[in-house]
There are 2 protein chains.
Amino acid sequence: MKVALAERLDQVEEQFVELWNNMASLWGISPTMARIHGLLYISGAALSMDDIMERLGISRGNVSMNLSKLVEWGLVRRVHKRGDRKEYFESLSDVWEMFTLVANQRKRREIDPILTTLRRCRDELTPEAIGGQALKEPAQKRFQRINDLLKLLTLFDGLAQRFFESHKGLREAVEMLTSEE
Amino acid sequence: MKVALAERLDQVEEQFVELWNNMASLWGISPTMARIHGLLYISGAALSMDDIMERLGISRGNVSMNLSKLVEWGLVRRVHKRGDRKEYFESLSDVWEMFTLVANQRKRREIDPILTTLRRCRDELTPEAIGGQALKEPAQKRFQRINDLLKLLTLFDGLAQRFFESHKGLREAVEMLTSEE
DNA sequence: TATTCCTTTCAGGAAGATATGAAAATTGTA
DNA sequence: TACAATTTTCATATCTTCCTGAAAGGAATA
């Protein structure tokens, strides 16, 4: 009976890792990176590279590279056990924290540069920039569309600024939105 | 002078398409699909396959495939001009509408299945499911973590349900969050 | 129905992304 | 400092995803 339970736990773990793998594109990280993180998260323990290699069946180099990325993202931290020369790795445990971490990261890496170029595009089409000529229909429309987009992204950006800064802020915001009638 | 303006418009268009290309991973669509959509959005006009092929320098087959995906997603619609045998394609113009469209689509395709498996995982570890044995530390922790995650995702899911259903709802929510002190 | 114009499909090829494994580098131990 | 244990790096191989172009399919005209 105990064996049966252990087996079931392993199955759940496997399913979970697989699920994390599928979520990778949603988080904007590579599938293997996600699987490693999934394993660390679900196991709730500090694992060594060898543990991970064995459980996921991937090569040492691969594990090494992806672990350092995870550490860079701040989702995983290195742990040292005294009397042991190996390094161990441990995932954050708070889902809200993980979420805000990734959100902020992606904002900085992907959204901010986009906003910058978008603003540059707009400024190219600004009435002054084009020498005060009245824009004809198509150009007018283009300017319009860039502006619309910029407005929406700026709004979202402001939201992110406010609510994704800390996981506490996010939690509050979500609770507010879900509770109130 | 007029030429200079036209050139500048083209440059902006190109920059914009490039930008859309970079946003692709954020929207969860392929880069080429994004570029095509970007071109249609920014030009604000109904373009034929040949127009798109020429402006983006991609093959007919590629354009055809990606356009049908865009139509499937609902971001682009087919337009017929009378007296012309060609088909033309036109993007939605409302950014909020585009956003909710994509958000809902991704929710249905990617998040809902995840929630389903996650719930299955949880139920595997439910006290009843494992025959009432007291869970030992590691198993206990796993159950805990799955539950935490499930809670967060369910919350988000609820939010999506409420606010992403229509672009009006989204707009309202965003305004609420940004205006209030 | 035949012809022309246009679109879709899809097999094969190109490009890009990921993984491997062995050598080099690093870190701790004696 | 030499040695042993562990991690990192990186050239090469593998896998996946995407693109092309040509052939097949459809639809409008005559």
Side-chain angles (χ1 to χ4, degrees), chain A residues 17-18 20-40 46-73 75-90 106 109-110, chain B residues 17-18 20-40 46-73 75-90 106 109-110:
Chain A
V17 169
E18 178 58 21
W20 227 236
N21 175 73
N22 296 335
M23 291 228 284
S25 68
L26 223 50
W27 294 81
I29 65 182
S30 84
T32 304
M33 190 170 153
R35 287 193 334 134
I36 294 176
H37 178 253
L39 177 60
L40 290 172
L47 304 182
S48 70
M49 274 184 37
D50 297 83
D51 294 335
I52 297 170
M53 287 170 62
E54 196 201 320
R55 295 225 221 172
L56 300 182
I58 56 190
S59 74
R60 184 175 300 283
N62 199 359
V63 172
S64 170
M65 302 270 260
N66 280 298
L67 274 174
S68 36
K69 278 192 221 157
L70 283 168
V71 170
E72 239 175 65
W73 279 75
L75 290 167
V76 164
R77 72 165 151 270
R78 292 168 198 276
V79 178
H80 297 278
K81 293 188 180 175
R82 62 194 203 93
D84 193 338
R85 213 145 135 181
K86 277 209 202 85
E87 275 193 312
Y88 290 78
F89 297 86
E90 193 175 65
R106 296 196 78 186
R109 295 183 196 201
E110 304 178 57
Chain B
V17 168
E18 179 59 21
W20 226 236
N21 175 73
N22 297 333
M23 292 228 285
S25 67
L26 224 50
W27 294 81
I29 65 182
S30 84
T32 304
M33 192 168 151
R35 291 197 326 137
I36 295 176
H37 178 253
L39 177 62
L40 291 172
L47 304 180
S48 70
M49 273 183 39
D50 296 84
D51 295 334
I52 297 170
M53 286 170 61
E54 197 200 319
R55 296 225 220 172
L56 301 181
I58 55 189
S59 73
R60 184 175 302 282
N62 198 0
V63 172
S64 170
M65 302 273 260
N66 280 298
L67 274 174
S68 36
K69 277 192 219 156
L70 282 168
V71 171
E72 238 175 67
W73 279 76
L75 289 167
V76 165
R77 74 166 149 271
R78 293 169 195 275
V79 178
H80 296 278
K81 294 188 180 176
R82 62 194 203 95
D84 192 338
R85 216 146 132 180
K86 277 207 202 87
E87 273 192 314
Y88 291 80
F89 297 85
E90 193 175 63
R106 294 196 80 186
R109 295 183 197 199
E110 305 180 54

- Task: Report yes if some heavy atom in the side chain of Ile52(B) is under 4.5 Å from a heavy atom in the side chain of Leu40(B); otherwise report no.
- Result: yes

- Query: Among dT20(C), dT20(D), dT6(D), which nucleotide sits nearest the side chain of Ile58(B)?
  - Reply: dT20(D)

- Message: Quick check: on DNA chain D, is the nucleotide nearest Ser64(A) upstream (toward 5') of the one nearest Asn62(B), or the reverse? Name the residue that is more 5'.
- Response: Ser64(A)

- Among dT9(C), dT9(D), dC19(D), find the nucleotide with the atom closest to the side chain of Met65(A). dT9(D)

- Heavy atoms under 4.0 Å, any strand shown: does Ser68(B) hit a base, just sugar-phosphate, or nothing? nothing

- Query: Among dT4(C), dT7(D), dT18(C), which nucleotide sits nearest the side chain of Arg85(B)?
  - Reply: dT4(C)

- Of His80(A) and Pro31(A), the one whose closest DNA chain C nucleotide lies more 5': Pro31(A)

- Within the structure, does a side-chain N or O atom of Arg78(B) lie under 4.0 Å from either OP1 or OP2 of dT8(C)? yes

- Message: Given dC6(C), dA19(C), dT7(D), identify the nucleotide with an atom nearest to the side chain of Lys86(B).
- Response: dC6(C)

- Item | Per Glu87(A) side chain, nearest of listed nucleotides dC10(C), dC10(D), dT8(D) | dT8(D)

- Task: To the nearest Å, give me how far apart CE (Met49(B)) and P (dT8(C)) are.
- Result: 7 Å

- Task: Just do the side chain to side chain contact (heavy atoms under 4.5 Å, CB included) check on Leu47(A) and Arg55(A) with the steps written out, would you?
- Result: CA-CA 10 Å; Leu47(A) 304 182; Arg55(A) 295 225 221 172; 4.0 Å; yes

